> 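Dropping a structure here in structure tokens format, bear with me for questions.
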Amino acid sequence: MKPKKIHYQIEEPCHADWDQMKPEAQGRFCSSCSKTVVDFSAMSDFSIVNYLENNKHQSVCGRFTEAQLDKTYLWTKPHPTLFQFDLKAVALGLALSTFSAIPAQSQNTPITEQHDSTETMVVKQGEVAVFYDHRDEKFVSGNIQLDDKKFGDIKIVLIDGNAAELSSVVIRPDNGKFRIPLDWTKNPVAIKVSSDGYNTQTVYFENHQSLSGLKVVLYEKHPVKMGKVMRKDD
């Protein structure tokens, strides 16, 4: 089958603040439009095409580098006889077997399971999210790296649930290590890591099992566009 040539476009760029969005598995959640913005900027060409073609009947908001939007992508639709099974069916089967032990409840009713003093699992509409309670930990610590190993000051800001600054430290990347004390009466929820010329990273505590030894890599900034993805065939 001859590959199809495809261009992806963002005709109306969105100017929402990426750094203020909450990280999710596929990108970040935009509270303005209540949906996930998929981060394609670090994906391979294959991953980009595979995701968008498998979701072409859905409205997808994405974040791309300008170079990614300037190129032509090739897509060859897999022939159904090449596969002996459907991976989606396998995934669905695993999900059903996993949730078969959960008592029957309304689909829209969240189920919260407390596994121990630091971990909470929330199940809602077939999705699983694990959140960690770190109130017994006295410090957040780890190592920060710059992807191209240039040297420049790195600022680490401890923020609360309203994104207000609680404290901050500045470190050099030749060491990269940091350690910040935590005062839980001030509701610290994350650290925001930044350096001139690099994309800011926000690390939320509830998504990490431990606040000791966090590893964060800052990537050099490239021109990006964000918004609803439009598809155009050649």
Side-chain angles (χ1 to χ4, degrees), residues 8 10 12-44 46-65 68-69 87-88 91-92 94-95 98-99 107-113 115 118-134 140 142 144 147 156-164 187-194 198-211 214-219 221-222 224-230:
Y8 297 111
I10 294 179
E12 298 181 10
C14 171
H15 300 290
D17 189 345
W18 174 257
D19 293 333
Q20 296 300 318
M21 298 182 190
K22 189 169 183 178
E24 293 190 329
Q26 294 179 327
R28 299 194 178 188
F29 183 79
C30 177
S31 58
S32 298
C33 54
S34 299
K35 66 185 301 184
T36 297
V37 180
V38 181
D39 189 5
F40 295 104
S41 64
M43 288 190 188
S44 67
F46 175 82
S47 296
I48 292 171
V49 176
N50 188 58
Y51 182 93
L52 290 172
E53 292 308 301
N54 283 307
N55 293 277
K56 64 182 179 181
H57 298 301
Q58 301 180 28
S59 176
V60 176
C61 281
R63 180 175 184 264
F64 294 83
T65 65
Q68 289 173 319
L69 295 173
L87 289 178
K88 289 184 179 179
L92 177 60
L94 290 172
T98 300
F99 292 112
Q107 188 178 15
N108 293 322
T109 303
I111 305 167
T112 301
E113 298 181 3
H115 291 273
T118 61
E119 179 180 333
T120 301
M121 178 180 289
V122 177
V123 181
K124 184 176 181 180
Q125 293 184 332
E127 297 181 357
V128 180
V130 178
F131 302 103
Y132 298 96
D133 183 351
H134 299 287
V140 55
I144 312 296
D147 71 326
I156 306 165
V157 178
L158 182 68
I159 59 176
D160 66 12
N162 296 316
N187 189 33
V189 300
I191 55 171
K192 182 179 288 188
V193 186
S194 61
Y198 293 84
N199 290 311
T200 300
Q201 294 273 10
T202 303
V203 180
Y204 287 87
F205 297 161
E206 65 182 14
N207 298 327
H208 294 267
Q209 191 169 6
S210 172
L211 300 185
L214 297 177
K215 296 186 184 300
V216 181
V217 179
L218 295 185
Y219 294 94
K221 283 184 177 178
H222 297 283
V224 295
K225 280 187 178 180
M226 190 166 61
K228 184 177 179 180
V229 184
M230 307 299 291

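Bear in mind the structure is a predicted one, so any value in this text is a computation, not a measurement.
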> Can you find a pair of side-chain heavy atoms, one from Cys61 and one from Met226, that are under 4.5 Å apart?
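No - every pair of side-chain heavy atoms lies 4.5 Å or more apart.
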> About how many Å separate NZ of Lys228 and CD1 of Ile10, when rounded to the nearest 0.5 Å?
12.0 Å
> Pick one: which of Glu24, Arg63, Met43 meets side-chain contact (heavy atoms from CB on, under 4.5 Å) with Val38?
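Looking at Glu24, Arg63, Met43, the match for Val38 under the side-chain contact (heavy atoms from CB on, under 4.5 Å) is Met43.
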> With rounding to the nearest 0.5 Å, note down the distance linking NE2 in His15 to OG in Ser32.
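These two atoms lie 13.0 Å from each other.
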> Find out whether Asp39 and Trp18 are in side-chain contact, i.e. whether some heavy atom of one side chain is under 4.5 Å from a heavy atom of the other.
yes
> What distance do Leu214 atom CG and Ile156 atom CD1 have between them, rounded to the nearest 0.5 Å?
10.0 Å
> Working to the nearest 0.5 Å, report the span between NZ of Lys225 and CG of Leu69.
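If we round to the nearest 0.5 Å, Lys225:NZ and Leu69:CG are 6.5 Å apart.
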> Starting at CE of Met230, measure out to CD of Glu12 and round the result to the nearest 0.5 Å.
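If I round to the nearest 0.5 Å, the distance is 8.5 Å.
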> Check for a donor-acceptor pair, side chain of Gln26 on one end and backbone N or O of Thr36 on the other, with a separation under 3.5 Å.
no
> List the atom of Leu218, the atom of Ser194, and the distance in Å for their closest heavy-atom pair.
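Where Leu218 meets Ser194 most closely, the heavy atoms are CD1-C, 3.9 Å.
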> Is it the case that atom OH in Tyr204 sees more than 12 heavy atoms from other parts of the structure closer than 6.0 Å?
yes
> Considering non-hydrogen atoms only, spot the tightest contact between Ser41 and Thr65 and give its length.
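Heavy atoms only, the tightest pair is CB-CG2, 4.0 Å.
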> Any chance NZ of Lys192 has more than 12 other-residue heavy atoms, nucleotides or ligands included, within less than 6.0 Å?
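Count over threshold, so yes.
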> Check whether any side-chain heavy atom of Ile48 lies under 4.5 Å from a side-chain heavy atom of Phe64, and answer yes or no.
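A side-chain contact under 4.5 Å exists here.
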> If we only count heavy atoms from C-beta on, is the Arg28 to Asp19 side-chain gap below 4.5 Å?
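Yes, side chains in contact.
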> Provide the closest heavy-atom pair for Thr202 versus Ala190 in the form atom of the first, atom of the second, distance.
CG2-CB, 4.1 Å
> Suppose we screen for ring-ring contact (aromatic ring centres under 6.0 Å, His included). Which residues come up paired with Phe205, at least two apart in sequence or across chains?
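Residues passing ring-ring contact (aromatic ring centres under 6.0 Å, His included) with Phe205: none at all.
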> Kindly give the heavy-atom pair with the smallest separation between Phe29 and Lys35, and that separation in Å.
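Shortest heavy-atom contact: CE1-N, 3.5 Å.
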> Gln58 side chain to Asn55 main-chain N or O, any donor-acceptor pair under 3.5 Å?
no
> With ring centroids as reference points, do Tyr8 and Phe40 lie under 6.0 angstrom apart?
no
